[in-house]
Amino acid sequence: MAAPSTPTELTNHAEAAAAVKATSDRLEGWLLSATVFLSAFLLFLVEPMFAKMILPRFGGSAAVWATCLVFFQCALLLGYLYADITSRYLPAARQSYLHIFLLAASLAFLPIAPRFSRHFAGDPAWRILALLTFSIGLPFILLSATSPLIQLWYARRRPEADPCHLFALSNLASFLALLSFPLVIEPRLALHGQAALWSAGFAAFVALCSRAAWMARTPQAGGAPQMDFTRAAPAPGIREKLLWLGAAACGSMLLLSITNHLLENVAPVPLLWVPPLAVYLLTFTMAFHRRTLYSRWLMARFVAVALGGLSYAIYDSSFTESLQVSVPFFCMGLFACCLFCHGELALRRPATRHLTSYYLMIALGGALGAIFVGLVAPHTFTGIYEFPAALVLTGTLAMLLLWPQGWLVRLFWAAAVIALIVVSVRNVSSDRRDTIVRMRSFYGPLRVKQFSNWLKEPYRTLYNGKIEHGAQYLNPPASLMPTTYYAPESGVGFALEHCCSGNKRVGVIGLGAGTLAAYGQMGDYLRFYEINPQITGIAQQSFTYLRDSNAKIDVIMGDARLSLESEPPQEFDVLAVDAFSGDAVPVHLLTKQAFALYLRGLRPGGILAIHTSNTYLDLPPVVQLLATDAGYPLRMIGNADNHRKLVDASDWVLLTRNQRFLDELDTSLPVDAINVPRHLRLWTDDFNSLFQVLLPVRFTQSSPR
């Protein structure tokens, strides 16, 4: 084709070229945006999904979620470090080739699944981190690196544009993924379907990101000159980088510590970690939006009020006992503090050439905050003391960030930090009142408190978080009586007293204070399964049920399902399942596969007793479906409180084919009906959803369990 020669032809040719370039720019923008969105969506979708896959391997503890968040923050750090190093030391073409190679290599991890033996030894937190690393490490790191890399490639090809809106887009995608898992995906897809869907999405991401990396090899044709990323340029000073680090660390610490506080001290509702994490991501989205939604003048005042309110709520929890008050209150406090931290980060973002080191410091701060709360605090503190520590750190950070505002601001924030320290010290002091034993581990905080009843008789109570897990009078003969949820009028008490006429073999999943040992007689055998070594120490040293029992008693350490799988059938006359951590439910103990193990361990005519008391979950319908599937009749027995005898209201579901026992039970105790919702499906290891059995939330807290 001949070159245009007339002015009109030249003008038309220029307009056509401009139209083509505009179309190409739009397509490229859509490609980069889609890659960022999909990477962030997959990143936050795999976190709860994979955590649920590995829950059975770690006793169903709620700490699995926190440890997974530690892994996420550390993987994010590695992804940002990879983006920073390759951007600094590799030419654009070599960086693109390396990234495409790693993307292709990551396909070897598909379909995603836990990659090594469940019997891997060591501390549970480190075992989880190792399992995640070997199973999804490379895909997770590449997903984490996508946002800073895409922003860098965008800036290389369009130096005149600001790429930070892509960071806001990634946080919006993370927010949507976080909400979609419990509300949309989990109730509709089994775990293998979820893994297949995620794997397909990751394969699509690999294709999109590879295309984006291929385009990033060269500057945009006809565009502005490519930036020289090797040329020396003024870099942010060490003080500025430490402020980036501190702001990111404060946000991460507040997220995990407020989540832990809600789960342990307010209401152990399943997946209650979702609202705080959603708030955390929302503040990132607002702070880094193209049109910033952050006002320093306004948020500095809000964060002062939030810090004061949160500190007082820790010290005096009476006004946040209602779930409707506590969750919004703590989430609003988290919102104010995180928007302040992340808004300051957005205001202090450097020139484009320093973006990768900027995001690296943000990721390092997030990782340090998560490591402190998720790994260091459980082995350092005996309570949830990282929460007041995070508030003090946030106040200190606010004082440093607002220091240039004048001496009145400095004086105010210095006084605020001192007040936060005083309140924190008083909180720790009041938390230890009446407590004779206090300890904490991966499985949560434990306390033994000593009280006296109306007759001045001393007794001790074991708490996991705020939930009671057993109580005992100190002086005989009252010390020999079973109490709390295990009294003779309870379902399990009736089963142990009427299961058989001779010596009995009893299995108990969950030791607690060892209360069920009170039913042991000479010639009986009781076999307790307990995953938390600290519980065993407390039951043996702070309570006397195990020591005073006339039965032979063994305590088997480790997850009950794994222990039952590895040992021959025990021929139990009664097997009681009561393995709660706080009020949280180890879901893997209420599935079809778990019930097959329980029923395998019973003798013919044996009784399976399931403790279904729960403040927030309607568990009897779950057990009803499992019993129907196994072909076992059941009865649900409830008993009322009797505080003078330390008896708490409880619900037990008893499964047995022993018709003599059922007839005696029907004539002795009232039997409660179980209504199974139409939407409820049989729980298996592959499919279960706690949202299907959530009870209507009460306006006031009921008594524990």
Side-chain angles (χ1 to χ4, degrees), residues 448 453 459-464 467-474 476-500 504-521 524-530 535-536 538-540 542-551 553 555 560 572-583 589 598 607-615 619-620 623 635-656 661 665 668-669 672 703-705:
V448 178
N453 69 358
Y459 66 93
R460 292 176 178 175
T461 303
L462 169 63
Y463 292 94
N464 186 326
I467 304 300
E468 185 179 324
H469 278 257
Q472 183 182 27
Y473 284 110
L474 295 186
S479 63
L480 303 176
M481 299 187 323
T483 60
T484 61
Y485 319 109
Y486 319 102
E489 56 265 38
S490 68
V492 71
F494 188 90
L496 290 171
E497 291 185 335
H498 299 85
C499 63
C500 52
K504 55 184 177 287
R505 289 179 61 86
V506 178
V508 183
I509 298 177
L511 175 61
T515 310
L516 288 179
Y519 290 96
Q521 303 297 324
D524 291 346
Y525 174 70
L526 275 74
R527 188 178 183 88
F528 288 91
Y529 298 89
E530 177 56 52
I535 289 282
T536 304
I538 288 175
Q540 293 173 341
S542 299
F543 298 89
T544 64
Y545 283 122
L546 298 180
R547 185 166 62 248
D548 294 341
S549 178
N550 292 319
I553 294 176
V555 178
F572 292 126
D573 294 289
V574 177
L575 175 59
V577 179
D578 182 41
F580 293 85
S581 176
D583 219 23
L589 296 180
Y598 304 154
I607 303 166
L608 176 61
I610 310 293
H611 192 185
T612 59
S613 307
N614 199 280
T615 310
L619 297 177
V623 180
R635 303 288 189 272
M636 186 170 80
I637 307 299
N639 66 277
D641 290 317
N642 187 337
H643 295 302
R644 292 191 175 187
K645 295 183 178 180
L646 293 184
V647 174
D648 293 322
S650 66
D651 294 319
W652 288 84
V653 178
L654 309 180
L655 289 72
T656 183
F661 174 82
L665 177 62
S668 302
L669 294 175
D672 297 329
S703 59
R705 269 252 293 277

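Please read these numbers as outputs of a predicted model, since none were measured by experiment.
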Original post:
Quick one: does Asp578's side chain get under 4.5 Å of Val508's, heavy atoms only?
Top reply: no
Original post:
Got a sec, which residues hit ring pair (Phe, Tyr, Trp, His ring centres under 6.0 Å) with Tyr473, two or more places apart in sequence or on another chain?
Top reply: Tyr459
Subject >> Heavy-atom side-chain proximity of Phe543 to Ile538 below 4.5 angstrom >> reply: yes
Original post:
Would you say the side chain of Phe494 lies within less than 4.5 Å of the side chain of Ile637, judging by non-hydrogen atoms?
Top reply: no
Original post:
Atom OG1 in Thr484, atom CG in Leu646: separation rounded to 0.5 Å?
Top reply: 8.0 Å
Original post:
Do the non-hydrogen side-chain atoms of Leu654 and Leu665 ever get within less than 4.5 Å of each other?
Top reply: yes
**OP:** Grab the two heavy atoms, one from Gly470 and one from Thr515, that are nearest each other, plus how far apart they are.
**Re:** CA-OG1, 4.3 Å
Subject >> Rounded distance (nearest 0.5 Å) linking atom CZ of Arg460 with atom OG of Ser479 >> reply: 11.5 Å
Subject >> His498/Phe661 aromatic ring centres below 6.0 Å >> reply: no
Original post:
Ignoring hydrogens and geometry, is there a side-chain-to-backbone donor-acceptor pair from Glu530 to Leu511 under 3.5 Å?
Top reply: yes
Subject >> Heavy-atom donor-acceptor pair, Asp641 side chain to Ala649 backbone, under 3.5 Å >> reply: yes
Original post:
Quick check: does any side chain N or O of Ser549 sit under 3.5 Å from a backbone N or O of Ala517, one acting as donor and the other as acceptor?
Top reply: yes
Subject >> Nearest heavy atoms of Val574 and Cys499, plus distance in Å >> reply: CG2-CB, 3.6 Å
**OP:** Using a strict cut-off of less than 4.0 Å between a Lys/Arg side-chain nitrogen and an Asp/Glu carboxylate oxygen, indicate whether Asp524 and Lys504 qualify as a salt bridge.
**Re:** yes
Original post:
Between the side chain of Gln472 and the main-chain N/O of Thr544, is any donor-acceptor distance below 3.5 Å?
Top reply: yes
Original post:
Is Ile509 close to Leu589 at the side-chain level, that is, under 4.5 Å between some pair of heavy atoms?
Top reply: yes
Original post:
Any side-chain heavy atom of Leu496 sitting closer than 4.5 Å to one from Val506?
Top reply: yes
**OP:** Look up atom OH in Tyr545 and atom CD in Gln540, then write down how far apart they are to the nearest 0.5 Å.
**Re:** 16.0 Å
Subject >> Thr483 (side chain) donor-acceptor with Ala471 (main chain) under 3.5 angstrom >> reply: yes
Original post:
For the side chain of Ser613 and the backbone of Asp651, is there at least one donor-acceptor N/O pair under 3.5 Å apart?
Top reply: yes
Original post:
So which heavy atom on Asn639 is nearest to which on Glu489, and how close?
Top reply: CB-O, 3.7 Å
Original post:
Do Arg527 and Tyr525 have a side chain donor and acceptor closer than 3.5 Å?
Top reply: yes
Original post:
Tyr486 vs His611 aromatic rings, parallel, tilted or perpendicular, using cut-offs 30° and 60°?
Top reply: perpendicular
Original post:
Going from CH2 on Trp652 to CD1 on Ile607, what distance comes out if it is rounded to the nearest 0.5 angstrom?
Top reply: 12.5 Å
Original post:
Taking C-beta and beyond as the side chain, do His469 and Tyr463 meet within less than 4.5 Å on heavy atoms?
Top reply: no
Original post:
Where the side chain of Ser490 meets the backbone of Ala487, is there a donor-acceptor pair that is under 3.5 Å apart?
Top reply: yes
Original post:
What are the two closest heavy atoms between Val492 and Ala609, and how far apart are they?
Top reply: CG2-CB, 4.2 Å
**OP:** Identify, with sequence neighbours excluded, every residue that meets ring pair (Phe, Tyr, Trp, His ring centres under 6.0 Å) alongside Tyr519.
**Re:** none
**OP:** Please confirm whether the backbone N or O of Val577 pairs with a side-chain atom of Tyr598, one donor and one acceptor, at under 3.5 Å?
**Re:** no
Original post:
Do you know which two heavy atoms are closest between Ala551 and Gly520, and how far apart they sit?
Top reply: CB-CA, 3.7 Å
Original post:
About how many Å separate OG1 of Thr536 and CZ of Phe528, when rounded to the nearest 0.5 Å?
Top reply: 10.5 Å
Original post:
What's the shortest heavy-atom distance between Gly514 and Leu546, and which atoms?
Top reply: CA-CD2, 4.2 Å
